[in-house]
There are 2 protein chains.
Amino acid sequence: MTIADPQARPRGATLEEVAKVAGVSRATVSRVVNGSPRVSGEVRRSVETAVTQLGYVPNRAARSLVTRRSGSIAVVITEPTGRLFSDPFFPRLLRGISGGLSARDQQLILLMPESPADTERTATYLAAGHVDGILLVSLHGDDPLPDRIARAGIPFVVGGRPLRGHAASFVDVDNRGGARSAVEHLLAAGRTTIATIGGPGDMGAGVDRLAGYRDALADAGLTADPSLEIAGDFTQGGGAAAMEQLLAARPDIDAVFAASDLMAAGAIAVLEAAGRRIPQDVAIVGYDDSPVASTTRPRLTSVRQPIEEMGQEMARLLLAAVDGSDPVQRRVILATELVRRASSAGRRVP
Amino acid sequence: MTIADPQARPRGATLEEVAKVAGVSRATVSRVVNGSPRVSGEVRRSVETAVTQLGYVPNRAARSLVTRRSGSIAVVITEPTGRLFSDPFFPRLLRGISGGLSARDQQLILLMPESPADTERTATYLAAGHVDGILLVSLHGDDPLPDRIARAGIPFVVGGRPLRGHAASFVDVDNRGGARSAVEHLLAAGRTTIATIGGPGDMGAGVDRLAGYRDALADAGLTADPSLEIAGDFTQGGGAAAMEQLLAARPDIDAVFAASDLMAAGAIAVLEAAGRRIPQDVAIVGYDDSPVASTTRPRLTSVRQPIEEMGQEMARLLLAAVDGSDPVQRRVILATELVRRASSAGRRVP
DNA sequence: GTCCTCCGTGAGAGCGCTCTCACGCTCATT
DNA sequence: AATGAGCGTGAGAGCGCTCTCACGGAGGAC
């Protein structure tokens, strides 16, 4: 094997070698490295010296083999295309997750299955127990993954409320509350005919934002009107198409709540082309507070979400579940914040 | 241990068990699983049956322990904040990398060190040989990582041309050529006083795009003018600040080449506020062709980059290096494409 | 003084896999 | 007919680590 291996990278020191240098047994070095309290101060110091001197770093594979823990967490992103490329949601979420994980010395394994075959391979990989826990992001209603890994008994946490009632912990932003506050803001500005361009009906974020929209209307004593509701796909093109339909059906619209900034940007372009002034004729509010919100003209009022925090919280929940210290299912909902900009400014003169 | 373990997750079948079911030795099962040709058809089939029946999946830790290969590749993203959150560069790159890796059954380990302490831990982790190879993304000039891992002898590939002459393979988009084509486009439209808002001077993308700008001017017989060049930080705010300085120093500007779309968006806002019409008074071209480019008004002419392809190519190069089949250093430069939109339309009347 | 407990340490098994080597068989070669 | 090459298969070592168990010595209870 020494001969056959083309690489022969220098292998680091082993426990055995550290033990020899420190003049103790392998077991004692292991105890020191893993912070066991049952080691005398003197021995501990001499082991630590040897560790530093040899630059010893534990071999994770060997450790995994016996502990049956991989020391890694999978993050699975199953997003066809749209949202993934169009807003900085994922980088921010990943950063939050990464931060939450690194403190505990867990590695983040990123899985982005594209094809159904990929998804199948991913499911097999995950169910085989190669990771200690799983973070599921951007779940659609029909995703088979949660069931598969639940059956395999691997702890997992979902980002965003899962639509089907999986017995799973999840972390979500308050989509319903955020949408409600956006629409309340429009109502307070004197708008009366408020349409919404919703998200996909198979995603929690889509469903909940629509619910929040309806909540606000109901509170104001208005009844929901199907001709004012249309589903988009979170993309700019989708937003534009939806806006056109909306405008054709209801030319009397004086406000639009779009469930994403990109869709709002698409809607703005269409409204503009139709000769509507924003915000004078039609006020518009988006969702996400993405960078796009400050490049539209007028700049876009939007609902800001604590994405990094969401990632961090997901990591925290999952690690607790992996430790077994918290077998309970938890649902964490994080608050959103309405960021007011020009697109919804000014009171309409009735 | 059986008692101490709070989880006791069902462990999958082992090689040994498959061997027993198939009536062969462990070694033979290993050969079948690893696709060795030295197994007779009959035996192979009976092993495959047993594998399927037991749902056998190899234990990666055990395999790693003996092969000294982890089966995973690290992707290190060291980006302070700005770019990471503001454009979809990273998701796209990650997707490209992921695609390039998954075909080879390599796991993608994502590392996003934030603090200097994180970076140190990351370096230690990587140098310890826990991954088979490393992909370095968004490298700044002063990053100590390349040296560290080069010294440890771990194969790595850099995304974007590294500024200091690391003896490293890299994949880059043709920043210089892309910038040149953008500026040539402005020249062809009759613009004569073309400013540039560049990227950070410690990043290859920043330096190269500036060089491309100068190339185009030189080709047109114009000499570079320091009062027309200013460095930004790839963010919208940075672009706006730069544009203000530029406008104060050279009110006669009739075109701007911004090294990122976000900076271009910032510049547009400032130009607008200063009463300049776009593109009539000042034409503007961005870089990245990000979603922002189609939300600005007018929509932004920009340089499109093959980001997914870049990620794929990085994965490909790295895997070749890991295999040892390609110890040569490679430099791959991918072509860009100018996407013409309204912000640079129309010929200026001299 | 004897017995027992407790604590720090070492010995050794074994996690699941790959890889080398040896072995026995079948065929082609002389 | 004898020899050897080649191929498919099995036996067994060992990767680096953790964990259980055993052991010896110190200290307290009787």
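By convention in this document, chain letters (A, B, ...) are assigned in the order of the sequence lines, proteins followed by strands, and residues within each chain are numbered from 1.
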Using a cut-off of less than 4.0 Å, is there contact between a side-chain N or O of [X] and OP1 or OP2 of [N]?
X: Thr28(A); N: dG10(C); result: yes
X: Ser30(B); N: dT18(C); result: yes
X: Thr14(A); N: dG16(D); result: no
X: Ser40(B); N: dG8(D); result: no
X: Arg68(B); N: dG16(D); result: yes
X: Asn59(A); N: dC15(D); result: no

- request: When you get a sec, tell me which of dG12(D), dG16(D), dC15(D) is the closest nucleotide to the side chain of Ala27(B)?
  value: dG12(D)
field: Closest listed nucleotide, where the reference is the side chain of Val24(B) and the choices are dT18(D), dC17(C), dG10(D)
entry: dG10(D)
- request: Write down the atom of Leu317(B), the atom of Val171(B), and the distance for their closest heavy-atom approach.
  value: CD1-CG2, 3.7 Å
query: Taking the nucleotide of DNA chain D with the closest heavy atom to each, which residue, Ala62(B) or Pro37(B), is nearer the 5' end?
result: Pro37(B)
In whole Å, I'd like the distance from the [atom1] atom of [X] to the [atom2] atom of [N].
X: Leu15(A); N: dC19(D); atom1: CG; atom2: C1'; answer: 13 Å
X: Arg60(B); N: dC15(C); atom1: CZ; atom2: C1'; answer: 18 Å
X: Leu65(A); N: dT18(C); atom1: CG; atom2: P; answer: 12 Å
X: Asn34(B); N: dC19(C); atom1: CG; atom2: P; answer: 7 Å
X: Arg63(A); N: dG14(C); atom1: CZ; atom2: C1'; answer: 17 Å
X: Glu17(B); N: dG16(C); atom1: CD; atom2: P; answer: 8 Å
X: Arg44(B); N: dC7(D); atom1: CZ; atom2: P; answer: 15 Å
X: Lys20(A); N: dT9(C); atom1: NZ; atom2: C1'; answer: 19 Å

query: Under 3.5 Å, side chain of Asp132(B) to main-chain N/O of Arg69(B), donor-acceptor pair present?
result: no
- prompt: Do Arg31(A) side-chain and dG10(C) base share a donor-acceptor contact under 3.5 Å?
  reply: yes
- prompt: For the base of dT9(C), is there a side-chain donor-acceptor partner from Arg38(A) under 3.5 Å away?
  reply: no
query: Hey, does Leu145(B) have a side-chain heavy atom less than 4.5 Å from the side chain of Ile134(B)?
result: no
field: Contact check, side chains of Val76(B) and Leu126(B), non-hydrogen atoms, under 4.5 Å
entry: yes
Glu120(B)/Arg148(B) ion pair, N-O < 4.0 Å: yes
